[in-house]
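Have a look at the structure below, then the notes.
None of the values given here were measured: they were computed from a predicted structure.
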Protein chains: 2
Amino acid sequence: MVRPREFDEEKALDAAMQIFWEKGFEATSLSDLTLRMGIQRPSIYSAFGDKKELFEAALRKYTRSHSAYVRTSLQNNSSVKEGFRAFFENMVANEYEKGPNRGCFCINTMVELSPHDEKFEVLTREHEMYLSVIFQETIERGVQSGELDADLNTKGLAQTIVVSLIGLTVIMKSRPERSFVDNSVEVILSLLK
Amino acid sequence: MVRPREFDEEKALDAAMQIFWEKGFEATSLSDLTLRMGIQRPSIYSAFGDKKELFEAALRKYTRSHSAYVRTSLQNNSSVKEGFRAFFENMVANEYEKGPNRGCFCINTMVELSPHDEKFEVLTREHEMYLSVIFQETIERGVQSGELDADLNTKGLAQTIVVSLIGLTVIMKSRPERSFVDNSVEVILSLLK
DNA sequence: ATTATAACGTACCGATCAGTATGTTATAAT
DNA sequence: ATTATAACATACTGATCGGTACGTTATAAT
């Protein structure tokens, strides 16, 4: 009975995610969005609501896929420590290879919006807490298997890894010498023993 | 021969620093600035140049005073480990007590501007590298005095403390439970032995 | 007292912002 | 084939953006 949508909502949302991720909320204009999403302004509003609602949808898409990525990434390796090593080294390599240097969409949002918008404070916090749980479960798997010491403070350690992950992601935005980051990763991994 | 300035440049710059620190570059308007600095628009341009030059001056003022604060803060305590503990605990307490939740101006800038503006990439990197040097010198003082193990990787440890400091500052923007941060501080301090 | 100079306040500039009114077009149900 | 519906493209809204032109005022040197 009605005219069907001509664009793929999921692809459009993905495009919005990419540009918000790269430029942040304030620096991204509606014109930027229509250009990259390949659709007109009213289509954005009818499909996603206003700019902030679109941003929220994009962030939710990001955290969902990022959580899944982290989870499977750590499950890939039978050794917990090697799993974490591969995870960190991969992240560092990715950030140094590519051009844009976008970091993590969730962390960017934590800095830009969370202090001024409770909705994003909650959203970003919940993602980091979820990562912390994944890390803790992974560490406990290592304890269970005997790979890691039984007296490890698994919760505190997982929380510290979240903190370190954020710190590494952010400092890489200033492009420090690669050795700076590599050294830090090594010291952080030394906590897993 | 000329009419003298009626406002205190240093106070005006300080006001600009406060608001840029709180809201970031993009979200701060010229109207915000004239309001908080207590001067008119043309006065800003004649005294500080355009918005980005003013921002740069404000950031330089911040990094200068922050460096001095960190340096003296760590010198206050004769025990290196207790010095770091006091430093971290103070930072956490400050961030949780106050309302605004501004974090660190330099870190905010690293996230917002460094990936898109080489000048700020350099500026923010240099500040973090400077902090790393302060931390390393402090750790080496502890090694020298016998408080810390002689086989510590002082450089890597200092770099890791920078990374942790950034991570803690950023995650506090999402207001995690206090215990999350406290636990992380404890684990990080455990590296100093 | 006159004059040169720059800081001052006001009021403006074109550009761009987020968001929308409107008329047209395409589709599915009848 | 007709009709109801919503997606579409165009073009617009008022507001606000960063930045500046300009006329006035206050000061210091003469």
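For DNA chain C, runs of at least 3 consecutive pairs of the Watson-Crick or G-U wobble type, with both hydrogen-bonding distances under 3.5 angstrom, map to C:1-30 with D:1-30.
Interface remark: the R3(B) side chain does not form any donor-acceptor pair with the dT5(C) base, using a distance-only criterion of under 3.5 Å.
Residue F120(B) belongs to a hydrophobic cluster whose other members are F7(B), L13(B), M17(B), I19(B), F20(B), W21(B), F25(B), L30(B), L33(B), M37(B), I39(B), I44(B), Y45(B), F48(B), L54(B), F55(B), L59(B), Y62(B), F105(B), L113(B), L123(B), with links defined by side-chain heavy atoms closer than 4.5 Å.
When atom types are taken as modelled, the side chain of S73(B) and the backbone of V70(B) share no donor-acceptor pair closer than 3.5 angstrom. In this structure, D8(A) contributes its side chain and E10(A) its backbone to a donor-acceptor pair below 3.5 Å. Side chain of N108(A) to backbone of R102(A): a donor-acceptor contact under 3.5 angstrom is found. S114(B) places no side-chain N or O within 3.5 Å of a backbone atom of V111(B) that could act as its donor or acceptor partner.
Atom-to-atom, CE of M37(B) to P of dG9(C) comes out at 13 Å; the value is rounded to the nearest Å. When the P atom of dG9(C) is taken as reference, atom CD of E6(B) falls 6 Å away, rounded to whole Å. We find that CG of D8(A) is positioned 15 Å from P of dA7(D), with the value rounded to whole Å. One interatomic measurement links the two molecules: CZ of F7(A) to C1' of dT25(C), which rounds to 16 Å at whole-angstrom precision. Rounded to a whole Å, the CZ atom of R5(A) is 9 Å from the C1' atom of dA6(D). The nearest whole Å value for the distance from the CD1 atom in I44(B) to the C1' atom in dA6(C) is 17 Å. One can place CZ of F48(A) at 15 Å from P of dG19(C), the figure rounded to the nearest angstrom.
Salt bridge status for R178(A) with E95(A): absent, with no side-chain N to carboxylate O gap under 4.0 Å.
OP1 or OP2 of dC8(D) lies within a sub-4.0 Å distance of a side-chain N or O belonging to S43(A).
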Task: Under 4.0 Å protein heavy-atom contacts per nucleotide of nucleotides 10-23 of chain D, with B for base, S for backbone only and - for none - done: B------SBBBB--
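Across every non-hydrogen atom of H127(B) and C106(B), the tightest pair is CD2-SG, 3.6 Å. Taking every heavy atom of both residues into account, V187(A) and L157(B) meet most closely at CG1-CD1, 4.1 Å. Summarising the geometry of K23(B) relative to D32(B), their closest heavy-atom pair is NZ-OD2, 3.1 Å, with the distance given to 0.1 Å.
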